[in-house]
J.: 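Pasting a structure here, questions to come.
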Amino acid sequence: MLKSLYVSSFVIIDKMRVDFENGMSVMTGETGAGKSIVIDALGQLCGNRSSTSLIKKNCSKAIIEGVFDVEITPAITQLCEELHIDVDEQFVISKEILDSGKSNIKINYQNASNNALKLLIPHFIDIHSQFETQKLFEEKNHILLLDQFSKKDLYQLLNSYHDTYSLYKEAIAKLKKTKEEDMSDEQLEFLESQLNEIDELTYTDNDIEEFEEELKVLQNFEKMSDDIQAFDTLMNSSQGSLPIFKNALSHLHNLSQYEQFEEHYNNLYDQYYNVMDGFENVMDIYRGFQFDEYRFNELQETLYKVNRLKRKYGFTMTAIAEFRDEISEKINAIKNREEVIEQLEKEVQQRKDEAYSIASEIHIVRNRYAGDFEIRIQKELNDLYLEKAIFKVKFEEVELNQNGFDKISFMVSINKGQDLTLLTESASGGEISRIMLAIKTIILEYSSIDTIIFDEVDTGVSGKVATSIGEKMSALAKKKQVICITHLPQVASLATHHFCIEKEINDHETLTSVRLLNNEQRIQEIAKMLSGERITQEAIENAKQLLNV
C-alpha cells in the first residue's frame with residue numbers, strides 16, 4: 001500500500017506530504033485546486049514522461065517520493081533480481097526532475113531507470129483515470145482483461161503458448177528469408193569461395209591465444225637470452241649468489257653443534273636448496289626455448305590470415321565458425337532449394353500445429369471463465385442501477401497471434417430491447433464509468449496490487465448512482481487500499497479518510513496544499529460540495545445525514 005507521498009516544487013505545489021492509511025481515502029477540492037496535480041505526481045513515480053514545465057517557477061528541481069509497504073511476491077522478487085534492486089517489504093521510490101531536462105530516479109536508494117519504474121510500479125498501484133477508462137474499453141484490450149480474470153488457470157498455458165508461438169514466428173521468418181535468398185550461380189560461387197577461405201584456418205580461439213603467446217616469446221627471444229645469461233651469472237658464477245650462500249652456510253654449520261644455532265642453520269639449509277631448485281627450474285624452462293625462424297614466419301603468416309578473417313567475418317574464431325555455418329546452410333539451400341523449402345514448410349506447419357493445440361486449450365479456459373465473468377459483471381451492473389443492461393463476452397476465431405486465436409469483444413445492451421453492441425458504441429459517459437468500475441472491481445479484487453487510485457472516474461453520475469459507485473469503492477477498500485479523487489459528496493461521505501486539496505493565491509504565486517479533515521471539517525467540506533461556497537444550514541444537515549453523524 002501507499003504509505004506516504006512527498007512532493008516538492010512540483011507545478012504549483014511548494015512542499016506537501018500526505019500520509020495514507022488502509023481503507024478508502026478521498027481527495028476533494030474546488031476545480032483548479034490541484035487535485036489532478038497530485039495524480040500527475042504519482043504518475044511520475046509510475047514512469048510517466050518528465051518535463052521541465054513540471055518544475056515550480058523559480059525552482060531548480062522538483063522532487064516526488066513515495067513510500068510503499070509491499071507484500072513480496074515471486075513476480076516482484078524475480079523482477080527486482082533482473083533490475084538488480086534490493087527487495088524489501090518497504091520500497092522507497094524517488095524522482096528528481098532537474099531544470100536541465102534530466103531526471104534522477106532511485107528505488108530503495110539505488111539509481112534506477114525510468115523503464116525500471118514502468119516495470120515495477122504496476123505491481124504496487126493501479127491508477128485509473130478517465131483516459132484509462134477509454135483505453136480499457138478499446139476492443140484490443142478486452143482479451144487482456146478476460147485473461148487477467150482467468151489468470152489462475154491461464155498463467156502457465158499462456159507462458160507455454162508464447163514460447164511455442166515465438167518458435168512458430170521464427171520458422172516463418174526463416175522460410176521467408178530462404179525463399180527470398182539469392183539463388184543464382186554467381187551467389188553460389190561467392191559463398192563457396194567464402195567457405196573455402198574460412199576452412200583454410202580451422203583453429204579455435206584457444207589455439208589463437210597459444211599462437212600469439214608463442215609468437216610473443218619468439219619476438220623477444222634475443223632479449224630473453226640476455227636476461228637469462230645475466231640471471232645465470234648473478235646466481236651461479238664463482239661470485240654469484242648461490243656459491244656465496246653455500247659458503248656462508250658452511251661457516252654456520254660449524255656453529256650448529258650449539259643448540260641455539262642448530263634450528264636456524266637447518267632453516268637456512270632448506271632455503272638454500274629451495275633457491276637452488278627454483279634456479280634450475282628457470283634454466284630448464286629457458287633451455288626448452290629455441291629460436292626457430294621457420295616457425296616464427298609460419299606463426300606471423302597464420303595470425304595475419306586469422307586477423308584478415310576476423311575483419312571480414314567476425315571478431316572471434318567462434319563468431320567466424322557461426323558465420324561459416326550460415327554460409328553452409330545457404331549453400332545447401334541453393335543446391336537443394338526445393339528440399340530445403342519443403343523441410344522448412346513442414347517445420348512451419350509443425351510449429352503452427354503445436355501453437356494451435358495450446359491455443360485451443362487456452363480457448364477452453366477462456367470460454368469457461370467468460371461465463372463466470374458475465375455473471376459477475378451482471379451482478380455488479382445491477383448494484384450500480386443498470387438493471388436493464390446485458391453484458392456478454394463475444395468470441396471470434398482469427399489467425400494465430402500472440403494471444404492465441406481468440407478475438408474477444410465485450411458486448412453490452414444498456415436498455416431493454418437494445419441490440420448488443422461494443423461498449424463504446426452504446427454507453428454514455430456515466431454508464432461507461434459504472435461499467436468500468438464493475439470490471440475493475442472484479443479484476444482487481446483478487447490481484448496482488450494493494451493500492452487502487454480512481455481519478456474522477458465518477459464523472460457524469462449523481463444521486464443514487466453516485467452513492468452506488470461510492471459503495472462499490474468502499475466495498476473494494478475492505479480488501480485493497482483505495483484512493484479516490486472525486487467531486488461527488490455521496491462518494492466522499494463513504495470514505496474512511498478525507499483529504500482536502502486547497503489552492504492559495506498570494507501576491508506572487510498560487511500554491512496547492514493538502515490537509516486531512518477531522519469530523520467537523522468533513523461536514524463543512526461535504527456541505528460545500530452540496531451547496532457551493534455559500535454553505536447553507538440545509539447543506540450542513542444533508543452532509544451530516546450522508547456521514548451518519
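Counting from 1, the numbers follow the sequence of the chain as shown. Hydrogens, waters and symmetry mates are skipped; everything else that's a heavy atom, side chains included, is used.
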J.: For residues His128 and Ile452, determine if any side-chain heavy atom of one lies less than 4.5 Å from a side-chain heavy atom of the other.
T.: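 Not in contact.
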J.: Among residues at least two apart in sequence or on other chains, which ones pass side-chain hydrogen bond (donor to acceptor under 3.5 Å, both in side chains) with Glu525?
T.: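 Checked Glu525 against side-chain hydrogen bond (donor to acceptor under 3.5 Å, both in side chains); matches are Thr28.
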J.: Do Phe124 and Ile76 have side-chain heavy atoms sitting under 4.5 Å apart?
T.: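 Counting from C-beta outward, Phe124 and Ile76 do come under 4.5 Å.
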J.: Evaluate Thr441 against Met473 for side chain to side chain contact (heavy atoms under 4.5 Å, CB included), listing each step before the verdict.
T.: CA-CA 8 Å; Thr441 299; Met473 292 182 184; over 6 Å; no
J.: State whether the number of non-hydrogen atoms from other residues, nucleotides or ligands found under 6.0 Å of Gln90 atom CD is greater than 12.
T.: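 Yes - once you tally the heavy atoms of other residues, nucleotides and ligands closer than 6.0 Å, there are more than 12.
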J.: Determine yes or no for a side-chain-to-main-chain donor-acceptor pair under 3.5 angstrom, with Glu96 supplying the side chain and Lys61 the backbone.
T.: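 No, Glu96 side chain to Lys61 backbone: no donor-acceptor pair under 3.5 Å.
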J.: Taking C-beta and beyond as the side chain, do Glu471 and Thr467 meet within less than 4.5 Å on heavy atoms?
T.: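 Yes; the side chains approach each other to less than 4.5 Å.
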J.: Using only atom types and a distance under 3.5 Å, with no angle test, would you say the side chain of Glu374 pairs donor to acceptor with the backbone of Val393?
T.: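 Judged by distance alone, yes, a pair lies under 3.5 Å.
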J.: Please evaluate residues Gln44 and Asp40 with respect to the criterion side-chain hydrogen bond (donor to acceptor under 3.5 Å, both in side chains), reporting the C-alpha separation (whole Å), side-chain torsions for both, the decisive distance (0.1 Å), and the verdict.
T.: CA-CA 6 Å; Gln44 288 299 307; Asp40 289 341; over 6 Å; no
J.: What verdict does the side chain to side chain contact (heavy atoms under 4.5 Å, CB included) test give for Ile127 and Ile125, after you've listed the backbone C-alpha separation in whole Å, the side-chain angles of each residue and the deciding distance to 0.1 Å?
T.: CA-CA 6 Å; Ile127 300 179; Ile125 63 175; 4.0 Å; yes
J.: To the nearest 0.5 Å, how far apart are CD1 in Ile63 and NZ in Lys95?
T.: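 Between Ile63 CD1 and Lys95 NZ, I get 13.5 Å after rounding to 0.5 Å.
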J.: Side chains of Leu476 and Phe454, heavy atoms from C-beta outward: is any pair under 4.5 Å?
T.: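 Counting from C-beta outward, Leu476 and Phe454 do come under 4.5 Å.
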J.: Given Asp69 and Met1, is the side chain to side chain contact (heavy atoms under 4.5 Å, CB included) satisfied, shown in steps?
T.: CA-CA 5 Å; Asp69 281 351; Met1 60 171 281; 4.1 Å; yes
J.: For a quick test of reading the model, state the closest non-hydrogen atom pair linking Leu2 to Phe20 and the distance between them.
T.: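 Taking every non-hydrogen atom into account, O-CB, 3.2 Å.
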J.: Is there side-chain contact between Glu139 and Leu422, with heavy atoms separated by less than 4.5 Å?
T.: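 Side chain of Glu139 against side chain of Leu422, heavy atoms only: contact under 4.5 Å found.
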J.: Taking Ser160 for its side chain and Leu157 for its backbone only, find out whether a donor-acceptor pair lies under 3.5 Å.
T.: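 Judged by distance alone, no pair lies under 3.5 Å.
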J.: Do the non-hydrogen side-chain atoms of Phe10 and Met16 ever get within less than 4.5 Å of each other?
T.: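 The answer is no, as the side chains (C-beta and beyond) never meet within the 4.5 Å cut-off.
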J.: Applying side-chain hydrogen bond (donor to acceptor under 3.5 Å, both in side chains), run through Gln78 and Glu82 and close with a yes or a no.
T.: CA-CA 6 Å; Gln78 181 180 346; Glu82 293 172 358; 3.3 Å; yes
J.: Please name the pair of heavy atoms, one in Tyr161 and one in Asn403, separated by the smallest distance, quoted to 0.1 Å.
T.: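 In this case the closest contact between Tyr161 and Asn403 is CE2-C, 4.1 Å.
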J.: Could you work out, with salt bridge (charged side-chain N to carboxylate O under 4.0 Å, His left out) as the rule, every residue matching Lys15, not counting sequence neighbours?
T.: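 If we apply the salt bridge (charged side-chain N to carboxylate O under 4.0 Å, His left out) test to Lys15, skipping adjacent residues, there are no hits.
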J.: With sequence neighbours excluded, tell me which residues meet ring pair (Phe, Tyr, Trp, His ring centres under 6.0 Å) with His363.
T.: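 Here the qualifying residues are Phe395, Phe405.
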J.: Can you name the closest pair of heavy atoms from Ser4 and Asp19 and give their distance?
T.: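 In this case the closest contact between Ser4 and Asp19 is CB-OD1, 3.2 Å.
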J.: Using only atom types and a distance under 3.5 Å, with no angle test, would you say the side chain of Arg522 pairs donor to acceptor with the backbone of Ala492?
T.: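 Yes, because the side chain of Arg522 sits within donor-acceptor range (under 3.5 Å) of the backbone of Ala492.
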J.: Does one side chain, of Gln350 or Glu354, offer a donor that lies under 3.5 Å from an acceptor on the other?
T.: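 A donor-acceptor contact under 3.5 Å links the two side chains.
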J.: Quick one: does Thr52's side chain have a donor or acceptor within less than 3.5 Å of a partner on Gly101's backbone?
T.: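 Checked: no pair found.
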J.: Tell me whether the centres of the aromatic rings in Phe373 and Phe410 are closer together than 6.0 Å.
T.: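 Ring-ring flag for Phe373/Phe410: true, centres closer than 6.0 Å.
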J.: Rounded to the nearest 0.5 Å, how far apart are CD of Gln545 and CG of Asn542?
T.: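 Separation between the atoms: 5.5 Å.
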J.: Under the 3.5 angstrom rule, does the side chain of His497 hit a backbone N or O of Asn22 as a donor-acceptor pair?
T.: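 The answer is yes, because a donor-acceptor pair under 3.5 Å joins these two groups.
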J.: To the nearest 0.5 Å, what is the distance between NZ on Lys416 and CD1 on Ile390?
T.: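 With rounding to 0.5 Å, NZ (Lys416) is 9.5 Å from CD1 (Ile390).
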J.: Can you confirm whether Asp153 sits close enough to Arg368 that some side-chain heavy atom of one is under 4.5 Å from a side-chain heavy atom of the other?
T.: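 Contact flag for Asp153/Arg368 side chains = yes.
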J.: Give, for atom CG of Asn401 and atom CD1 of Ile143, the distance between the pair rounded to the nearest 0.5 Å.
T.: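 If we round to the nearest 0.5 Å, Asn401:CG and Ile143:CD1 are 6.5 Å apart.
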J.: Find the distance between CE (Met24) and SG (Cys484) and round it off to the nearest 0.5 Å.
T.: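 Interatomic distance, Met24 CE to Cys484 SG, rounded to 0.5 Å: 5.0 Å.
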J.: Whether the side chain of Ser36 engages the backbone of Ile39 through a donor-acceptor N/O pair (distance < 3.5 Å, no angle test) should be reported.
T.: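 Looks like no, no N/O pair under 3.5 Å.
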J.: Measure the shortest side-chain to side-chain distance between Val7 and Val18 over non-hydrogen atoms and say whether it is less than 4.5 angstrom.
T.: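 Answer no - side chains too far apart.
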J.: Please confirm whether the backbone N or O of Leu437 pairs with a side-chain atom of Glu380, one donor and one acceptor, at under 3.5 Å?
T.: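 It does not hold such a pair.
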J.: Has Glu71 got more than 12 heavy atoms of other residues, nucleotides or ligands less than 6.0 Å from its CD?
T.: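 Result for CD/Glu71: open.
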J.: Whether the side chain of His162 engages the backbone of Gln402 through a donor-acceptor N/O pair (distance < 3.5 Å, no angle test) should be reported.
T.: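 A pair under 3.5 Å: yes.
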J.: Could you walk me through whether Ile435 and Leu386 pass the side chain to side chain contact (heavy atoms under 4.5 Å, CB included) check?
T.: CA-CA 9 Å; Ile435 297 170; Leu386 287 172; 4.2 Å; yes
J.: For Pro489 and Leu530, work out which heavy atoms get closest and say how close.
T.: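 Heavy-atom minimum between the residues: CG-CD2, 3.6 Å.
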J.: What closest approach, in Å, do Cys80 and Leu120 show between heavy atoms, and which atom pair accounts for it?
T.: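 Answer, listing the atom of Cys80 first, then Leu120: SG-CD1, 4.2 Å.
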J.: More than 12 heavy atoms of other residues, nucleotides or ligands under 6.0 Å from CD of Glu387: yes or no?
T.: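 More than 12 within 6.0 Å, yes.
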J.: Identify the residue among Thr496, Thr451, Ile453, Ile449 that makes a side-chain contact (heavy atoms from CB on, under 4.5 Å) with Gln481.
T.: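 That would be Thr451; it is the only one of Thr496, Thr451, Ile453, Ile449 passing the side-chain contact (heavy atoms from CB on, under 4.5 Å) with Gln481.
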J.: Heavy-atom count around Asn518 CG within 6.0 Å, excluding the residue itself: above 12?
T.: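 Counting other residues, nucleotides and ligands, CG of Asn518 exceeds 12 neighbours.
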J.: If you look at every heavy atom in Phe149 and Ile442, which pair is closest and at what distance?
T.: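 Distance-wise, the nearest heavy atoms are CE1-CG2, 3.3 Å.
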J.: Taking atom OH of Tyr168 and atom CG of Asp353, what is their separation to the nearest 0.5 Å?
T.: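 The distance works out to 9.5 Å.
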